[in-house]
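Just below is one structure, and these are the notes that go with it.
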Amino acid sequence: MDLENKVKKLTLGHEEGSGAPCFKCKDKCEGFELHFWRKICRNCKCGLEEHDVPSSNEDDRKVGRLFEDTKYTALIAKLKTDGIPTYKRNVMILTSPISAKKDVSINTVTYEWAPPVQNQTLARRYMELIPKEKQPVAGSEGAQYRKKQLAKQLPAHDQDPSKCHELSPNEVKQMEQFVKKYKSDVLGVGDIKLPKEVGAQAGEASKPDNGNRSTLTTVKNVEDKAAAAPSGSSYYCFRCKENMKEGDPAVYAERAGYDKLWHPSCFVCYTCNELLVDMIYFWKKGKLYCGRHYCDSEKPRCAGCDELIFSNEYTQAEGQNWHLKHFCCFDCDCVLAGEIYVMVNDKPVCKPCYVKTHAVTCQGCHNAIDPEMQRVSYSGFHWHASPECFLCSCCSKCLIGQKFMPIEGMVFCSVECKKKMTS
């Protein structure tokens, strides 16, 4: 009965961001309107993360749910009003005086997220070591980047069955087991420390009674010793293999072990190479992943709805996976099983929609060219590959299989015909 209730609870968030303008499409988009199951805007086909949606607590609730029933419950709080776990995101506010001719004003910089460490100097230095355009300063490009990565790296529909489209009771059960397993086995949150602090922990872990743990590696290898960084910079980054600068913070991932450290800007997903948002990682076979790409390494993902597939029955087409019910035309949503379709920007489109919206126009007859018909294309111009359409613009000689001279959408069979039409 509990599973049935979860299946019925379809809260895909259709109210969130409604009417928000699109960063990519500008005035071409009438405002965000969520497609019922595609997780994109009906108007412009872009995702919610590409729209200027006012800040809300939805992201904090999503991360709070992710950390629920894990060792990271210290990072969440449950409100008495609804009992929903909410991420206690660490916000860092820095103030500095600015001297003027008469007065001294205070400059305030607010980071929408910062590493949750007591040493604010360390947290501040961490921020300085990641690219400026990715620093989550309130109202900046970096804050927008963080928001976008929260949506991309940690999709709500990868952990919450109620955010998915019409899962069966069995699929809900499988998904819950999958989420429980990755929370237990691979989910982690990075910590920042000075390398020597991790080195001390590594020394404790490498005592004889715990011989399965290795100590922190301090130089790249014997061959690289001569080219090592200056004295005092003896720890190196697991990703780029460059040495750590003494006094700079390093990122440590508990699931990776004490023998691995990363530069702040190197703590990225193995697949997408993006900074791991809020240092939330998934550790698998010696590699760091964001939530999305860890899940992709474990389960097929539907190219139609962007959800993980927990059903044994699904289809593969054009190198992608699809729920059977979601292999649909990207424009009109008609089911494409057994139908003719054309791929447009890696999305399947039915033949009628293709002819209506995407088909190129013949320079000869000025009609749309059917996707099943042969055509001739040159320099952005197109013709039906027929004697009635692909012919000399002067004498109407058929040019199929013949040499021709193009000029501004016209084609000619000879220099003489070209001169007659252009003189």
Next item on the list: Show your working on side chain to side chain contact (heavy atoms under 4.5 Å, CB included) between Leu336 and Cys329 and close with a plain yes or no.
Entry: CA-CA 6 Å; Leu336 293 174; Cys329 172; 4.3 Å; yes
Note to self: The test is ring-ring contact (aromatic ring centres under 6.0 Å, His included); show your working for His165 and Phe36 and say whether it passes.
What the structure shows: CA-CA 8 Å; His165 181 233; Phe36 184 59; 5.3 Å; yes
Next item on the list: Applying side chain to side chain contact (heavy atoms under 4.5 Å, CB included), run through Asp296 and His293 and close with a yes or a no.
Entry: CA-CA 5 Å; Asp296 286 351; His293 291 115; 3.7 Å; yes
Notebook entry, point to check: Run the side chain to side chain contact (heavy atoms under 4.5 Å, CB included) check on Arg301 and Cys295 step by step: do they pass?
Noted result: CA-CA 8 Å; Arg301 186 181 296 277; Cys295 291; 3.9 Å; yes
Next item on the list: Go through the steps to decide whether Gln149 and Leu275 satisfy the test side chain to side chain contact (heavy atoms under 4.5 Å, CB included), and finish with yes or no.
Entry: CA-CA 8 Å; Gln149 293 309 314; Leu275 280 180; over 6 Å; no
Next item on the list: Determine, stepwise, if the pair Asp185 / Lys284 fulfils salt bridge (Lys or Arg N to Asp or Glu O under 4.0 Å).
Entry: CA-CA 9 Å; Asp185 296 350; Lys284 177 182 176 181; over 6 Å; no
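With respect to the salt-bridge test (charged N to carboxylate O, under 4.0 angstrom), the residues Asp69 and Lys183 do not qualify. With respect to Glu128 and Arg125, a salt bridge is recorded, a charged nitrogen being found less than 4.0 Å from a carboxylate O. Glu112 and Lys147 are not joined by a salt bridge, as no carboxylate oxygen comes within less than 4.0 angstrom of a charged side-chain nitrogen. Contact check on Lys347 versus Asp331 returns no salt bridge, with no Lys/Arg side-chain nitrogen under 4.0 Å from an Asp/Glu carboxylate oxygen. The pair Asp333-Arg42 fails the salt-bridge criterion, with no side-chain N (NZ, NE, NH1 or NH2) lying under 4.0 Å from an Asp/Glu carboxylate O.
Side-chain atoms of Gln135 come within 3.5 Å of backbone N or O of Met127 as a donor-acceptor pair. In terms of modelled atom types and a separation under 3.5 Å, the side chain of His323 and the main chain of Gly304 share no donor-acceptor contact. Judged by distance alone, the side chain of Tyr281 and the main-chain N or O of Arg255 form a donor-acceptor pair under 3.5 Å. Using a distance-only test at 3.5 Å, with no hydrogens or angles considered, no donor-acceptor pair links the side chain of Ser184 to the main chain of Lys181. Lys299 places no side-chain N or O within 3.5 Å of a backbone atom of Ile309 that could act as its donor or acceptor partner. In terms of modelled atom types and a separation under 3.5 Å, the side chain of Trp322 and the main chain of Ala317 share a donor-acceptor contact. The backbone N or O of Glu133 sits nowhere less than 3.5 Å from a side-chain atom of Glu141 that would complete a donor-acceptor pair. No side-chain donor-acceptor contact under 3.5 Å links Asp52 to the backbone of Pro21. Between the side chain of Lys45 and the backbone N or O of Phe330 there is at least one donor-acceptor pair closer than 3.5 Å. Glu49 places no side-chain N or O within donor-acceptor distance of the main-chain N or O of Ala151, the cut-off being under 3.5 Å.
Rounding to the nearest 0.5 Å places CG of Asp158 at 10.0 Å from CG of Leu66. Here the CZ atom belonging to Arg61 is positioned 5.5 Å from the OG1 atom belonging to Thr86, to the nearest 0.5 angstrom. Here the OH atom belonging to Tyr354 is positioned 8.0 Å from the CD1 atom belonging to Ile369, to the nearest 0.5 angstrom. Here CE of Met279 is found 12.0 Å from CG of Leu288. Values are rounded to the nearest 0.5 Å. Here the straight-line distance linking atom OG1 of Thr271 with atom CD of Gln153 works out to 10.5 Å at 0.5 Å rounding. Atom CD of Glu68 and atom CD of Gln159 lie 9.5 Å apart (nearest 0.5 Å).
Looking at heavy atoms from C-beta onward, Leu276 lies in side-chain contact with Cys269 at the 4.5 angstrom threshold. Using a 4.5 Å heavy-atom cutoff, the side chains of Cys302 and Tyr314 are not in contact. Looking only at side-chain heavy atoms (C-beta outward), Gln144 and Phe23 come within less than 4.5 Å of each other. Side-chain contact check for Lys193 versus Leu122: every heavy-atom pair is 4.5 Å or farther apart. Looking at heavy atoms from C-beta onward, Tyr341 lies in side-chain contact with Glu318 at the 4.5 angstrom threshold. With a 4.5 Å cut-off on side-chain heavy atoms, Leu129 and Ser265 do not count as touching. Between Lys88 and Leu75 the shortest side-chain heavy-atom distance does not fall below 4.5 Å. Residues Arg38 and Cys328 meet the side-chain proximity criterion, which asks for heavy atoms closer than 4.5 Å.
The shortest non-hydrogen separation linking Asn43 to Cys29 is CB-SG, 4.1 Å. In this structure, Asp248 and Leu194 approach most closely via the heavy-atom pair O-CD2, 3.8 Å. Looking at every heavy atom in both residues, Ala20 comes nearest to His51 through O-CD2, 3.2 Å. Listed here is the closest heavy atom pair of Cys25 and Cys22: N-SG, 3.4 Å. Nearest heavy-atom pair across Arg375 and Ser377 is NE-OG, 3.6 Å. The shortest heavy-atom contact between His384 and Ala368 is NE2-O, 3.8 Å.
Shown here is Gln177, whose CD atom has more than 12 heavy atoms of other residues, nucleotides or ligands within 6.0 Å. Environment of CG in Asn107: crowded, with over 12 heavy atoms of neighbouring residues, nucleotides or ligands closer than 6.0 Å. Other residues, nucleotides and ligands contribute at most 12 non-hydrogen atoms within 6.0 Å of the CG atom of Asn345.
A perpendicular orientation is assigned to the rings of Tyr378 and Phe404, their planes being inclined by more than 60° (bins at 30° and 60°). Using bins of under 30°, 30° to 60° and over 60° for the plane-to-plane angle, the ring pair Tyr87/Phe67 lands in the perpendicular bin. Ring pair Tyr289/Tyr270 is perpendicular by interplanar angle, where above 60° counts as perpendicular and below 30° as parallel. Ring pair Trp383/Phe381 is tilted by interplanar angle, where 30° to 60° counts as tilted.
Partner of Asp278 under the salt bridge (charged side-chain N to carboxylate O under 4.0 Å, His left out) criterion, out of Lys62, Arg146, Arg89: Arg146 alone.
Annotation: cation-pi pair Lys241/Phe238 present, NZ/CZ under 6.0 Å from the ring centroid and within 45° of its normal.
Residues Ser168 and Asn170 have side chains that never bring a donor and an acceptor to within less than 3.5 angstrom of each other. Side-chain contact, Tyr145 with Glu274: a donor N or O sits under 3.5 Å from an acceptor N or O.
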